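Everything below concerns the one structure shown next.
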There are 2 protein chains.
Amino acid sequence: MIFKDLDPLLHNQLRLSVISLLISVEFAEFNFLLEKTGATRGNLSVQINKLKEAGYIEVTKSFRNNYPLTTCNISNAGIEAFEKYVEAISGYLNK
Amino acid sequence: MIFKDLDPLLHNQLRLSVISLLISVEFAEFNFLLEKTGATRGNLSVQINKLKEAGYIEVTKSFRNNYPLTTCNISNAGIEAFEKYVEAISGYLNK
DNA sequence: TAAACAAGTTTATAAAATAAACCTAATTTA
DNA sequence: TAAATTAGGTTTATTTTATAAACTTGTTTA
C-alpha cells in the first residue's frame with residue numbers, strides 16, 4: 001500500500017469543515033458553524049457529537065439571553081488528527 | 001457555505017487511490033491497482049465499476065496467457081473531476 | 001481428474017450520512 | 001393570557017455506501 005489511511009472521522013465533508021474551522025479560532029458557536037458549513041442543524045449536531053466522542057473537540061453547553069448555547073473548541077488530539085489527515089491526503093493529490 | 005462540495009465519487013479512499021494512480025500512468029492493470037492500493041479484489045472491482053459508470057475511467061477487458069486481463073485508464077472527465085476535487089479539498093486544509 | 005490457482009464479480013451485511021420530525025423553553029402576538 | 005412562533009438543538013428513520021465473504025469461470029498442476 002502506497003497510500004496512507006485516511007482517518008474515517010475526518011474523511012467526511014461536514015466533520016472536516018468543522019475541524020477546519022475550529023483549527024483557526026479559539027472557540028466557535030453552534031450557529032457560527034451552522035452558517036459557515038451550510039449544514040442542517042440535525043446533521044451538525046450529530047457530527048459535533050461524533051467529533052466529541054472521538055476526543056477531537058470539546059463541547060461546552062451554557063445559556064446566553066436565556067437560550068441554550070453550544071460552544072466548541074478543538075482539542076490537542078483534534079489538532080494532531082487534523083495534521084495527520086492533511087499529510088495523509090496530500091499523498092493522494094500529487095502535489 | 002465557505003467550503004466547496006467534495007465530489008462523493010472521489011471522496012472515498014479506494015476510488016481516490018485508483019484515480020491518483022491512473023492520473024500519472026497511461027494504463028494500469030487490475031493487479032497493479034490491487035497491489036498499490038492494498039484493497040481486496042471484491043472492493044476494487046466494485047469501485048472500478050463505479051468510476052467507470054461515472055465516466056471517470058475506461059475499462060478494457062482482454063486476455064493474457066489465457067487469463068482475463070482488466071486494464072484501466074483515466075478519461076478526460078476523470079482528469080477534470082480529479083483536478084476539481086484537488087482544488088476543493090485544498091480549501092479544507094488551510095494550505 | 002481432482003485439487004489448487006488466477007482473475008474477477010456478485011451479494012449480504014454492517015456502518016454511515018443525512019434530513020425530517022421532534023423537544024423544551026422563551027418570546028411574541030392577537 | 002393563551003395560542004402561535006422562534007430559538008437552539010436532539011433524536012430517529014431511511015437511504016446510501018463501503019466492504020468482505022462467497023461465488024464464478026476458466027486454467028494449470030500433481
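These numbers come from a predicted model, not from an experiment.
For the pair B/F32 CZ and C/dA7 C1', the interatomic distance rounds to 17 Å; values are reported in whole Å. As a whole-Å value, the separation of B/R15 CZ from D/dT17 C1' is 8 Å. Atom CG in A/L51 sits roughly 13 Å away from atom P in D/dT10 (whole-Å rounding). Distance CD (B/Q13) to C1' (D/dA18): 12 Å, rounded to an integer number of Å. Atom CG of A/D7 and atom P of C/dA16 are 12 Å apart (whole Å). One interatomic measurement links the two molecules: CG of B/L34 to P of C/dG8, which rounds to 9 Å at whole-angstrom precision. Computed from coordinates, the A/H11 NE2 to D/dT17 C1' distance equals 12 Å when rounded to whole Å. Protein atom CD of B/Q47 is 10 Å distant from nucleotide atom P of D/dA20, rounded to whole Å.
At C/dA6, none of the side-chain N or O atoms of B/N65 fall inside 4.0 Å of OP1 or OP2 (strictly under the cut-off). Not one side-chain nitrogen or oxygen of A/R41 sits closer than 4.0 Å to the OP1 or OP2 atom of C/dA19. Taking 4.0 angstrom as the limit, B/K50 places none of its side-chain polar atoms (N or O) nearer than this to OP1 or OP2 of D/dT19. Considering only side-chain N and O atoms, B/N12 lies nowhere under 4.0 angstrom from the phosphate OP1 or OP2 of D/dT17. Taking side-chain N and O atoms only, A/K52 has no distance below 4.0 Å to OP1 or OP2 of D/dT10. One finds no side-chain N or O of A/S45 lying less than 4.0 angstrom from the OP1 or OP2 phosphate oxygen of D/dG9. Between B/T40 and D/dT19 there is no side-chain N or O to OP1 or OP2 distance below 4.0 Å. Between B/R64 and the phosphate of C/dA7, there is no side-chain N or O to OP1/OP2 separation shorter than 4.0 Å.
Nucleic acid contact for B/L69: sugar-phosphate only, since backbone atoms but no base atoms lie under 4.0 Å from a heavy atom of the residue.
The neighbour count for B/E26 CD, taken as heavy atoms of other residues, nucleotides or ligands under 6.0 Å away, does not exceed 12.
Residues A/G42 and B/N66 both approach DNA chain D. Their nearest nucleotides, taken by heavy-atom distance, put A/G42 toward the 5′ side.
Applying the side chain to side chain contact (heavy atoms under 4.5 Å, CB included) test to B/S75 and every residue at least two apart in sequence or in another chain returns B/E58, B/A77. Judged as a side chain to side chain contact (heavy atoms under 4.5 Å, CB included), and not counting sequence neighbours, the contacts of B/V59 are B/I48, B/K52, B/I57, B/K61, B/T70, B/C72.
One side chain, B/Y56 or B/D7, offers a donor N or O that lies under 3.5 Å from an acceptor on the other. Checked by atom type, the side-chain pair B/Y85/B/D5 shows no donor-acceptor distance below 3.5 Å.
When each of D/dA20, C/dA19, C/dG8 is scored by its nearest atom to the side-chain atoms of B/N31, the top-ranked nucleotide is C/dG8. Of the listed nucleotides (D/dG8, C/dT18, D/dG26), D/dG26 has the atom at the smallest distance from the side chain of B/Y67.
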